[in-house]
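For reference, positions follow the sequence shown, starting with 1. Note: hydrogens, waters and symmetry copies are ignored here, and every other heavy atom, side chains too, is used.
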Amino acid sequence: MKYKLLVLDVDGTLLNNNKEISPRTQAALLKVQQMGVHIVLASGRPTNGVMPIAEKLELNHYGGYILSYNGGQIINAQTGELLFEKRIDPEWIPYFEKKAKKNDFAIFTYHKDFILTDKPDNKYVIQEANLNKMQIIGVDNFAEAVDFAPCKCMLASDDEEALIGLENHWKKRLDGVLEAFRSEPYFLEVVPQFIDKGNTLGVLMTKLEIRPEEVIAMGDGVCDVTMLQLAGVGIAMGNAQDSVKACVDNTTLTNEEDGVAFAVEKAILAEIRPTEVPLDQLNMRAKHALMGNLGIQYTYASEDRVEATMPVDERTRQPFGILHGGATLALAETVAGLGSMILAKPDEIVVGMQVSGNHMSSAHEGDTVRAVGTIIHKGRSSHVWNVDVFTSTDKLVSSIRVVNSILKKK
């Protein structure tokens, strides 16, 4: 694959305005991962707030990453390993609290699965807790309660002018030690020095030995600009600010119009060739799925032919030692499914519709059968595959017809 890493901002990019991943976007991102591209979710949210989204996209199965706190942490979504972290010295917290009280701002930070704040009734604190599904713990003395090193500290207020004033003051006062910026008109964030999405993405790329030209990044906000510029291809959402659009290579549709799916289909999926399908990765990732449970392994893939093998053993035989017909049908569906996925257009999904087979002879325990699938009809709404299953001595065991329905993503 030309690209190895797809980096996505979350709010305003991956998620629509209802904070949901659309079916079309989810299907496109699952297919991208099946083709060997790893996904990085880069967000200002805390790690706990990104984890459910990572699970929905199955990053834990496909080896994706979470870049949270605007770059404060990198988590391997598959293993849970903390790959990188930088935190704020808690000695700064009394100073932050003093400035917050002086301006009547709410102040809060994240710890484990809760938000710690001096104003638990503040609407923006509540909004943030609901967004990340975290509990709010109110305290009278914020500085004393923060007895840990936070990844970032947040101030919230409707007084945007006052926030801008403090932001400008802190850019000078904290220069060389911490970074201060407004992520929203009502939020002023403080993070460790040099922490932003671009710098932390650079750390991950170095760890993975991935070059910029192998990375696509997508985002909509000012906080995304550094990572958009670092990536070989930076794509702004249609709903991004003009200042963000001016910094990128391309602009896609808005987050309400499946902009992520549209860009991924065009930049990645449309460029996939059968010879580039990573069969070894597909086999590895199916280890705990039906394929893995039956021992099925892809061995060859082209535009009109797909092959796979399956052992005749305790998993796939009948009680008296010959290949089970149901396992043979599962093998055929597995072969035809990959074939149709290769042939489908980027904005299409494949759904199995019908399978029927004729069993001519038997395969015995200890043998390994080979399935050869060839397409005999490629229509706009359906694919018909013929899958022949042979023993290791090329004796025909079964001939199976598989019909797949081809649907447009919604």
Side-chain angles (χ1 to χ4, degrees), residues 1 3-43 45 47-68 75-78 131-133 215-220 224 233 235-240 252-272 277-278 281-282 285-286 288-291 337-338 340-353 404-410:
M1 291 295 295
Y3 300 110
K4 296 182 178 179
L5 216 59
L6 173 63
V7 188
L8 301 172
D9 169 53
V10 174
D11 296 290
T13 300
L14 172 63
L15 305 183
N16 61 25
N17 292 344
N18 291 326
K19 301 299 180 183
E20 298 171 339
I21 304 173
S22 74
R24 177 181 175 183
T25 296
Q26 183 172 8
L29 295 180
L30 289 175
K31 187 169 183 180
V32 159
Q33 293 177 98
Q34 290 163 359
M35 294 299 102
V37 179
H38 296 282
I39 290 178
V40 180
L41 298 182
S43 176
R45 293 191 186 198
T47 302
N48 273 40
V50 184
M51 198 65 74
I53 302 168
E55 291 172 356
K56 186 174 180 64
L57 292 175
E58 300 184 26
L59 266 62
N60 52 324
H61 295 306
Y62 292 109
Y65 301 89
I66 294 171
L67 193 158
S68 53
I75 305 290
N76 183 322
Q78 191 169 38
L131 181 68
N132 294 291
K133 296 178 173 57
V215 180
I216 295 180
M218 301 178 61
D220 73 306
D224 302 320
V233 177
I235 301 175
M237 300 299 294
N239 50 288
T252 185
L253 302 177
T254 70
N255 64 323
E256 282 288 284
E257 300 170 311
D258 293 319
V260 166
F262 180 81
V264 163
E265 290 161 3
K266 184 177 179 180
I268 301 178
L269 297 181
E271 299 298 320
I272 291 174
V277 176
Q281 293 187 41
L282 291 180
R285 288 167 184 164
H288 301 296
L290 177 65
M291 271 184 63
L338 176 61
S340 286
M341 189 174 71
I342 291 172
L343 292 171
K345 295 178 181 178
D347 62 344
E348 295 175 336
I349 58 175
V350 178
V351 178
M353 188 161 59
N404 290 326
S405 181
I406 311 302
L407 307 174
K408 289 289 183 181
K409 296 175 186 175
K410 295 181 181 179

Check: Should Ile53 and Leu15 be marked as a side chain to side chain contact (heavy atoms under 4.5 Å, CB included) after you check the CA-CA gap, both sets of side-chain angles, and the distance that decides it?
Finding: CA-CA 9 Å; Ile53 302 168; Leu15 305 183; 4.1 Å; yes
Next item on the list: Start with the C-alpha gap between Met218 and Asp224, add the side-chain angles, then the distance that decides, and say whether side chain to side chain contact (heavy atoms under 4.5 Å, CB included) holds.
Entry: CA-CA 8 Å; Met218 301 178 61; Asp224 302 320; over 6 Å; no
Note to self: Set out, in order, the CA-CA distance, both residues' side-chain angles and the distance that settles side chain to side chain contact (heavy atoms under 4.5 Å, CB included) for Val350 and Ile406, then state yes or no.
What the structure shows: CA-CA 5 Å; Val350 178; Ile406 311 302; 4.0 Å; yes
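With hydrogens and angles disregarded, no donor-acceptor distance shorter than 3.5 Å links the side chain of Glu256 to the backbone of Asn239. In this structure, the side chain of Asn16 engages the main chain of Glu20 through a donor-acceptor pair within 3.5 Å.
Residue Leu57 comes nearest to Leu30 through the heavy atom pair O-CD2, 3.5 Å, listed as atom of the first residue, atom of the second, then distance. Heavy atoms only, all atoms of each residue included: Asn404 and Ser340 are closest at ND2-OG, 2.9 Å. Here the closest non-hydrogen pair linking His38 and Gly63 is ND1-O, 2.8 Å. Scanning both residues, Ile66 and Ala54, for their nearest heavy atoms gives CD1-CB, 3.9 Å. Leu407 and Ser405 make their closest contact through CD2-OG, 3.5 Å (heavy atoms, listed as atom of the first residue, atom of the second, distance). The minimum heavy-atom distance between Arg45 and Ser43, with the atom names listed, is N-OG, 2.9 Å.
Atom CD1 of Ile268 is separated from atom CE of Met35 by 11.5 Å, given to the nearest 0.5 angstrom. Note that the CD atom of Glu348 and the NZ atom of Lys31 stand 8.0 Å from one another [nearest 0.5 Å]. The distance from atom CD1 of Ile349 to atom CE of Met341, rounded to the nearest 0.5 Å, is 12.5 Å. Here Leu41 contributes atom CG and Leu67 contributes atom CG; the two are 9.5 Å apart, rounded to the nearest 0.5 Å. Rounding to the nearest 0.5 Å gives a distance of 9.0 Å between CE of Met237 and CG of Leu8. In this structure, CD1 in Ile235 is found 13.5 Å from CG in Asp220, a value given to the nearest 0.5 Å.
Results of the side-chain hydrogen bond (donor to acceptor under 3.5 Å, both in side chains) test with Asn255 over Asp11, Asn17, Thr25 single out Asn17 as the only residue that passes. Checked against Val37 for a side-chain contact (heavy atoms from CB on, under 4.5 Å), the options Ile216, Leu269, Val215, Leu6 give a single hit: Leu6.
The shortest side-chain heavy-atom distance between Gln78 and Tyr62 does not fall under the 4.5 Å cut-off. For the pair Thr252 and Val260, the minimum side-chain heavy-atom distance is 4.5 Å or more. Between Lys133 and Asn48, every side-chain heavy-atom pair lies at or beyond the 4.5 Å cut-off.
For residues 53-66, the set of pairs meeting the salt bridge (charged side-chain N to carboxylate O under 4.0 Å, His left out) definition, not counting sequence neighbours, is empty.
With respect to Glu265 and Arg24, a salt bridge is recorded, a charged nitrogen being found less than 4.0 Å from a carboxylate O.
Atom NZ of Lys345 is surrounded by 12 or fewer heavy atoms from other residues, nucleotides or ligands within 6.0 Å.
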